[in-house]
Number of protein chains: 2
Amino acid sequence: MELNDFLPYQLSVLSLKISKGIAAHYQDQFGINISEWRVLVILYKNPDITAKKIAQLSEMDKVRISRTLKTLVEKDYLTQQPHPLDARAKNYELNQRGKYLMRAVIPDALRYEEDLMSQLSTEEREQLQHLIGKFNRILG
Amino acid sequence: MELNDFLPYQLSVLSLKISKGIAAHYQDQFGINISEWRVLVILYKNPDITAKKIAQLSEMDKVRISRTLKTLVEKDYLTQQPHPLDARAKNYELNQRGKYLMRAVIPDALRYEEDLMSQLSTEEREQLQHLIGKFNRILG
DNA sequence: TATTAATTGTTTCAAATGAAACTATTTTGT
DNA sequence: ACAAAATAGTTTCATTTGAAACAATTAATA
């Protein structure tokens with residue numbers, strides 16, 4: 001077996017290649033970074049949730065979530081509200097500007113992915129989805 | 001739109017999951033981090049190459065390569081030699097300690113991969129290799 | 001109820017990162 | 001040949017990162 005074929009290495013190189021392009025694009029186009037993008041997407045799908053919940057959904061660190069939320073509030077894309085049952089927590093929600101931003105960003109993201117995926121056959125796309133699912137089950 | 005379906009996101013989560021486990025293991029077991037591991041593998045397969053070449057092969061930043069090479073020389077795993085045709089560049093090579101380290105690290109890495117891959121069928125393994133190759137061709 | 005443990009989220013600190021500036025050398029173009 | 005541009009690698013500096021410590025609050029238990 002060749003070390004060039006070492007799977008974790010190949011995967012990380014591939015993933016890095018893909019993220020780099022995306023990060024630059026979002027920064028240029030919308031002035032948001034990858035952390036912000038992820039939090040925004042989660043809040044678009046799950047209005048009125050806490051930082052803890054966002055951390056769970058995104059698989060991101062709680063420190064990073066805390067900072068990202070602070071930035072997004074400062075950039076005026078989110079509103080903060082006290083949590084009704086827990087004074088330690090806050091509920092976050094996209095405001096009008098946030099929703100407007102997402103209605104621009106999401107089609108853009110999907111177009112990027114479609115450009116990439118259109119170069120795979122239907123069969124290859126299915127295989128890819130299957131393999132990602134399988135790895136996630138294996139790795140817990 | 002589901003964040004969880006967005007391919008670049010899935011790939012980066014997957015790749016991060018795999019790397020984190022490996023990183024901790026290598027740090028504990030051999031005292032090397034992921035950058036060092038990558039550079040070592042490249043030098044194992046490609047003796048006597050320059051920092052630039054390593055950067056190309058690894059898709060890592062030239063600053064990071066420069067620092068990693070410096071560390072590996074300090075840890076006495078590599079030798080540096082002037083490049084015969086270009087006084088700006090240096091050639092790097094594993095020394096005896098470096099080769100010895102790699103002869104310990106590589107079986108360990110392969111065992112890790114084998115544990116992972118053994119959970120895939122032959123067909124799934126072939127699909128995985130095919131897809132990684134295809135993405136690399138698409139992304140250049 | 002009082003005390004301890006657990007939790008939510010923030011801040012601190014040290015390490016990792018990479019863009020930009022830099023040095024030294026080589027290549028290109030006239 | 002010579003000046004300008006490009007390249008290899010390093011250093012500087014500002015940003016990003018997350019572990020650990022922290023404050024505030026809630027839950028658990030005696």
Side-chain angles (χ1 to χ4, degrees), chain A residues 12-13 15-17 19-28 31-39 42-43 48-75 78-93, chain B residues 12-13 15-17 19-24 26-28 31-39 42-43 46 48-75 78-93:
Chain A
S12 84
V13 168
S15 155
L16 207 66
K17 251 189 214 173
S19 338
K20 267 187 194 167
I22 294 192
H25 179 73
Y26 284 154
Q27 194 58 254
D28 287 356
I32 58 177
N33 65 25
I34 292 280
S35 302
E36 289 161 16
W37 149 256
R38 285 190 195 168
V39 168
I42 286 171
L43 284 169
D48 240 8
I49 58 175
T50 64
K52 179 184 168 63
K53 188 75 188 162
I54 295 170
Q56 285 167 353
L57 290 171
S58 68
E59 310 230 13
M60 281 163 65
D61 183 83
K62 67 174 178 169
V63 176
R64 198 166 159 194
I65 293 295
S66 172
R67 286 174 181 143
T68 303
L69 286 169
K70 192 180 173 195
T71 305
L72 287 172
V73 168
E74 283 164 5
K75 287 185 177 178
L78 303 185
T79 55
Q80 254 177 348
Q81 284 192 315
H83 190 286
L85 303 174
D86 188 339
R88 292 168 303 181
K90 296 171 199 159
N91 274 338
Y92 291 90
E93 203 167 8
Chain B
S12 87
V13 167
S15 156
L16 209 65
K17 247 188 218 173
S19 321
K20 266 187 189 167
I22 294 191
Y26 284 155
Q27 193 58 255
D28 289 356
I32 57 177
N33 66 25
I34 292 280
S35 301
E36 287 161 18
W37 150 255
R38 286 191 197 165
V39 168
I42 286 170
L43 282 170
N46 308 273
D48 239 8
I49 57 175
T50 64
K52 179 182 169 65
K53 189 73 189 165
I54 294 170
Q56 285 167 352
L57 290 170
S58 68
E59 305 250 349
M60 282 163 65
D61 184 84
K62 66 174 179 169
V63 176
R64 198 167 159 193
I65 294 296
S66 171
R67 285 172 180 144
T68 303
L69 286 169
K70 191 179 172 196
T71 305
L72 287 172
V73 168
E74 282 164 6
K75 287 185 177 179
L78 304 185
T79 54
Q80 255 176 346
Q81 283 190 316
H83 191 286
L85 303 175
D86 188 339
R88 292 169 304 181
K90 296 170 198 159
N91 275 337
Y92 291 89
E93 202 168 9

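Only a predicted model underlies this, so the values are computations on that prediction, with no experimental measurement involved. All values below were derived from every heavy atom in this structure, side-chain atoms included, with hydrogens, water molecules and symmetry-related copies excluded. Lettering follows sequence order; numbering is per chain, from 1.
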Undergrad: Quick one: is C/dG9 close enough that its OP1 or OP2 comes under 4.0 Å of any side-chain N or O from A/Lys62?
TA: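 The answer is no; no side-chain N or O of A/Lys62 sits under 4.0 Å from OP1 or OP2.
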
Undergrad: Check each residue of residues 84-92 of chain A for a non-hydrogen atom within less than 4.0 Å of any atom in DNA chain D, then write out the ones that pass by number, or none.
TA: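 Heavy-atom cutoff 4.0 Å gives A/Asp86, A/Ala87, A/Arg88.
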
Undergrad: Tell me which one of B/Lys75, B/Arg67, B/Lys70, B/Arg64 satisfies salt bridge (Lys or Arg N to Asp or Glu O under 4.0 Å) with B/Glu36.
TA: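 Going through B/Lys75, B/Arg67, B/Lys70, B/Arg64 one by one, the salt bridge (Lys or Arg N to Asp or Glu O under 4.0 Å) with B/Glu36 is satisfied by B/Lys75 alone.
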
Undergrad: If only atom types and distance count, is the side chain of B/Lys53 paired as donor or acceptor with the main-chain N or O of B/Asn46 below 3.5 Å?
TA: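 Answer holds: no.
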
Undergrad: Taking atom P of C/dT27 as reference, at what distance in whole Å does atom NZ of B/Lys52 sit?
TA: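 It is 13 Å, rounded to the nearest whole Å.
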
Undergrad: Write down the protein N/O and nucleotide N/O pairs, taken from nucleotides 14-19 of chain C, whose separation is under 3.5 Å; answer none if there are no such pairs.
TA:
from   : atom 1 : to      : atom 2 : distance (Å)
C/dG18 : N7     : B/Arg67 : NH1    : 3.0
C/dG18 : O6     : B/Arg67 : NH1    : 3.4
C/dG18 : O6     : B/Arg67 : NH2    : 2.7

Undergrad: If you look at every heavy atom in A/Ile42 and A/Ile54, which pair is closest and at what distance?
TA: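 Scanning both residues completely, I find the closest heavy atoms to be CD1-O, 4.0 Å.
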
Undergrad: Just the rounded figure in Å: distance from C1' of D/dT15 to CD of A/Glu36.
TA: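 To the nearest whole Å, that distance equals 13 Å.
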
Undergrad: Could you pull out the closest heavy-atom pair between B/Ser35 and B/Thr68, with the gap in Å?
TA: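 Looking at all heavy atoms of both residues, the shortest contact is CB-OG1, 3.5 Å.
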
Undergrad: Which whole-number value in Å describes the distance from A/Glu59 CD to D/dG18 P?
TA: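 Distance, rounded to whole Å: 13 Å.
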
Undergrad: Looking only at side-chain N and O atoms, does B/Thr50 come under 4.0 Å of OP1 or OP2 in D/dA8?
TA: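 No, because none of the side-chain N or O atoms of B/Thr50 sits under 4.0 Å from OP1 or OP2 of D/dA8.
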
Undergrad: Would you say the side chain of A/Leu85 lies within less than 4.5 Å of the side chain of A/His83, judging by non-hydrogen atoms?
TA: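 Answer yes - side chains close enough.
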
Undergrad: Does a donor on one side chain sit under 3.5 Å from an acceptor on the other, for A/Arg38 and A/Ser58?
TA: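 No pair is found: no donor N or O on one side chain lies under 3.5 Å from an acceptor on the other.
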
Undergrad: Please report the distance, rounded to the nearest Å, between NZ in B/Lys70 and C1' in D/dT10.
TA: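 It is 9 Å, rounded to the nearest whole Å.
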
Undergrad: Any side-chain N or O of B/Ser66 below 4.0 angstrom from OP1/OP2 of D/dG9?
TA: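 Answer no for this pair, as no side-chain N or O of B/Ser66 is under 4.0 Å from OP1 or OP2.
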
Undergrad: Can you measure B/Met60 atom CE to D/dA8 atom P for me and round it to whole angstrom units?
TA: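 My rounded result for the distance is 17 Å.
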
Undergrad: Would you mind listing every salt bridge (charged side-chain N to carboxylate O under 4.0 Å, His left out) that reaches into residues 80-93 of chain B, with sequence neighbours excluded?
TA: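 Of all non-adjacent pairs touching residues 80-93 of chain B, those that pass salt bridge (charged side-chain N to carboxylate O under 4.0 Å, His left out) are B/Asp86-B/Arg88.
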
Undergrad: Take the protein atom CD1 of B/Ile54 and the nucleotide atom P of D/dT10, then report the distance between them rounded to whole Å.
TA: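 Result: 10 Å.
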
Undergrad: What integer distance in Å separates A/Gln80:CD from C/dG9:P?
TA: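 Rounding to the nearest Å, CD of A/Gln80 and P of C/dG9 are 11 Å apart.
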
Undergrad: Is there side-chain contact between B/Leu57 and B/Ile49, with heavy atoms separated by less than 4.5 Å?
TA: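 Yes, side chains in contact.
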
Undergrad: For B/Leu78 and B/Tyr92, work out which heavy atoms get closest and say how close.
TA: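 Where B/Leu78 meets B/Tyr92 most closely, the heavy atoms are CD1-CD2, 4.2 Å.
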
